[in-house]
2 protein chains.
Amino acid sequence: MDTKSLIIEKATILFQQKGYKSVGLTEILKACNVTKGALYHHFPNGKEQLLIACLQVLNEVIMTDIESIFRRHLSTKEALLSIIDKLIRDLETEGTITGYTFSSIVSEMATVSEPVRHACSALYENIQQIYSAKLVTDGLSNESASAIALLMTASIEGAMMLCLTQQSSDPLKTIAKLLPKLLKDI
Amino acid sequence: MDTKSLIIEKATILFQQKGYKSVGLTEILKACNVTKGALYHHFPNGKEQLLIACLQVLNEVIMTDIESIFRRHLSTKEALLSIIDKLIRDLETEGTITGYTFSSIVSEMATVSEPVRHACSALYENIQQIYSAKLVTDGLSNESASAIALLMTASIEGAMMLCLTQQSSDPLKTIAKLLPKLLKDI
DNA sequence: GTCTATAAGCAGATAGAC
DNA sequence: GTCTATCTGCTTATAGAC
């Protein structure tokens with residue numbers, strides 16, 4: 001694996017876990033066993049450029065991952081539960097944010113950096129697009145499909161935040177029980 | 001108004017808007033027209049102590065505010081809509097996070113500082129407690145009341161995050177339409 | 001492409017006058 | 001209780017050897 005990918009991979013994990021500002025360049029470099037020279041060779045514009053690269057890679061990873069889940073499961077309900085379940089497993093093994101959520105980055109950077117805000121916005125939009133498309137094949141109208149897709153994304157992100165503060169995966173488990181009910185009666 | 005309260009008030013706004021690390025002490029002091037000496041007199045343990053003081057005050061403000069909303073509205077649905085509506089109005093006038101949400105602080109600090117995580121956890125718990133108590137008087141069992149209270153909190157926080165990235169209040173408006181349906185059929 | 005050494009700036013925090 | 005001046009350490013970023 002090349003250095004650039006290595007840096008992106010390690011940095012992504014750290015950014016998801018601790019946010020942007022809380023992670024120093026030195027911390028990232030230590031995790032990769034790489035020095036400043038190498039980093040600034042691949043990312044001449046420094047830390048923010050690295051973050052955006054991370055978000056782009058994250059975008060691709062999440063997309064292929066969620067798409068494959070939706071291919072494996074026939075019903076939207078099963079697919080959704082499978083996604084939440086993976087978040088729960090990640091949370092319980094790692095103890096921090098991983099996988100499909102990046103709220104730590106959003107809330108810290110959205111008001112501070114336009115390029116970062118755009119990258120995050122694209123990511124959320126893609127996720128909701130997948131949910132929404134599936135719901136349309138389930139027979140929903142475009143409007144209600146995208147509305148429910150939004151509620152799914154929002155409640156997962158919000159539950160993730162509650163999990164963080166409570167240091168427990170219960171909030172995710174709770175919405176995993178409630179969201180399917182929402183899918184039934186529409 | 002005394003200096004201590006002034007500092008807390010201004011700092012709370014800045015922390016909600018830009019997160020913790022992104023706000024420098026100098027920025028807070030400039031907003032108050034106060035100097036470092038005064039700040040460190042009131043908060044000897046510095047910035048983190050100030051943040052926790054902000055969260056405690058925020059806790060009280062949110063509690064009295066939400067409680068009064070619930071007193072004014074007979075139905076849980078109306079009260080919830082009124083709360084979301086206030087968030088939307090704040091968002092549209094200020095353009096940033098205010099009011100009942102503090103996701104920027106949570107996601108940045110929960111993994112970094114235990115005292116801050118505790119303060120945030122208490123705040124979320126209080127909010128959910130109010131929702132939940134009201135739902136119980138509506139006839140729900142304790143379990144389903146607290147589950148739905150959690151979904152309400154999570155989806156509002158998540159929607160707030162989506163509003164930030166999209167720079168639009170639409171996500172909040174969407175969940176304002178969907179959540180009442182959830183309250184109907186339980 | 002990767003390293004070391006160093007720069008330049010800003011953060012949070014302190015000391016002591018008033 | 002509030003001010004100014006200062007300190008220390010850490011941050012991102014750069015320069016230049018290899």
Side-chain angles (χ1 to χ4, degrees), chain A residues 1-55 57 104-105 107-117 119, chain B residues 1-55 57 104-105 107-117 119:
Chain A
M1 168 184 264
D2 62 340
T3 310
K4 189 170 182 178
S5 311
L6 177 69
I7 296 175
I8 291 178
E9 186 189 306
K10 297 288 186 185
T12 302
I13 297 171
L14 287 168
F15 286 147
Q16 280 185 302
Q17 290 178 343
K18 306 170 71 176
Y20 178 71
K21 292 255 164 76
S22 299
V23 180
L25 284 185
T26 3
E27 189 178 355
I28 297 170
L29 298 172
K30 209 184 296 172
C32 310
N33 271 317
V34 166
T35 55
K36 287 217 162 77
L39 187 141
Y40 275 92
H41 171 74
H42 294 290
F43 307 95
N45 294 329
K47 197 182 173 185
E48 187 163 322
Q49 187 187 358
L50 170 60
L51 172 62
I52 291 171
C54 290
L55 288 171
V57 171
S104 43
I105 300 164
S107 50
E108 191 181 351
M109 296 297 287
T111 51
V112 178
S113 159
E114 266 298 292
V116 175
R117 189 185 65 76
Chain B
M1 168 184 264
D2 61 340
T3 310
K4 190 170 181 178
S5 311
L6 177 69
I7 296 174
I8 291 178
E9 186 190 306
K10 298 287 186 186
T12 303
I13 296 170
L14 287 168
F15 286 147
Q16 280 184 302
Q17 289 178 343
K18 304 171 71 176
Y20 178 70
K21 293 255 164 77
S22 298
V23 180
L25 284 186
T26 4
E27 188 177 355
I28 297 169
L29 298 172
K30 209 183 297 172
C32 309
N33 271 317
V34 166
T35 56
K36 285 216 164 76
L39 187 141
Y40 275 92
H41 171 74
H42 294 290
F43 306 96
N45 294 329
K47 196 181 174 186
E48 187 163 323
Q49 187 186 357
L50 170 59
L51 172 62
I52 292 171
C54 291
L55 288 171
V57 171
S104 43
I105 299 164
S107 50
E108 191 181 352
M109 295 297 287
T111 52
V112 177
S113 158
E114 266 296 294
V116 175
R117 188 184 67 74

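Model, not experiment: these values are computed from the prediction. Proteins get letters first, then strands, A, B, ... in listed order; numbering begins at 1 in each.
First and last contacting nucleotides of DNA chain C toward chain A (any atom under 4.0 angstrom from a heavy atom, 5' to 3' order): C/dG1 to C/dT4.
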(request) Start with the C-alpha gap between A/Thr3 and A/Val34, add the side-chain angles, then the distance that decides, and say whether side chain to side chain contact (heavy atoms under 4.5 Å, CB included) holds. (result) CA-CA 8 Å; A/Thr3 310; A/Val34 166; 3.9 Å; yes

(message) Under the criterion salt bridge (charged side-chain N to carboxylate O under 4.0 Å, His left out), I'd like the reasoning laid out for B/Glu27 against B/Lys30: C-alpha separation, chi angles, the key distance, then a yes or no.
(response) CA-CA 5 Å; B/Glu27 188 177 355; B/Lys30 209 183 297 172; over 6 Å; no

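Between the CG atom of A/Leu25 and the P atom of D/dT14 there is a distance of 11 Å, rounded to whole Å. Between A/Lys30 atom NZ and D/dC10 atom P the separation is 11 Å, expressed in whole Å. The interatomic distance linking A/Leu29 (CG) with D/dT11 (P) rounds to 11 Å, in whole Å. The distance from atom NZ of A/Lys47 to atom C1' of D/dT12 is 8 Å, rounded to the nearest whole Å. In this structure, the OH atom of A/Tyr40 is 9 Å from the C1' atom of D/dT14, given to the nearest Å.
Toward the 5′ end of DNA chain C lies the nearest nucleotide of A/His41, the other residue of the pair A/Lys36 and A/His41 mapping further downstream.
A donor-acceptor contact shorter than 3.5 Å links the side chain of B/Lys47 to the backbone of B/Val23. At distances below 3.5 Å, not a single donor-acceptor pair connects side-chain atoms of A/Ser104 with backbone N or O atoms of B/Ser107.
By the neighbour-count criterion of 12 heavy atoms within 6.0 Å, atom NZ of A/Lys10 is sparsely surrounded, having that number or fewer from other residues, nucleotides or ligands.
B/Gly37 comes within 4.0 angstrom of a nucleotide base, judged by non-hydrogen atoms across all strands.
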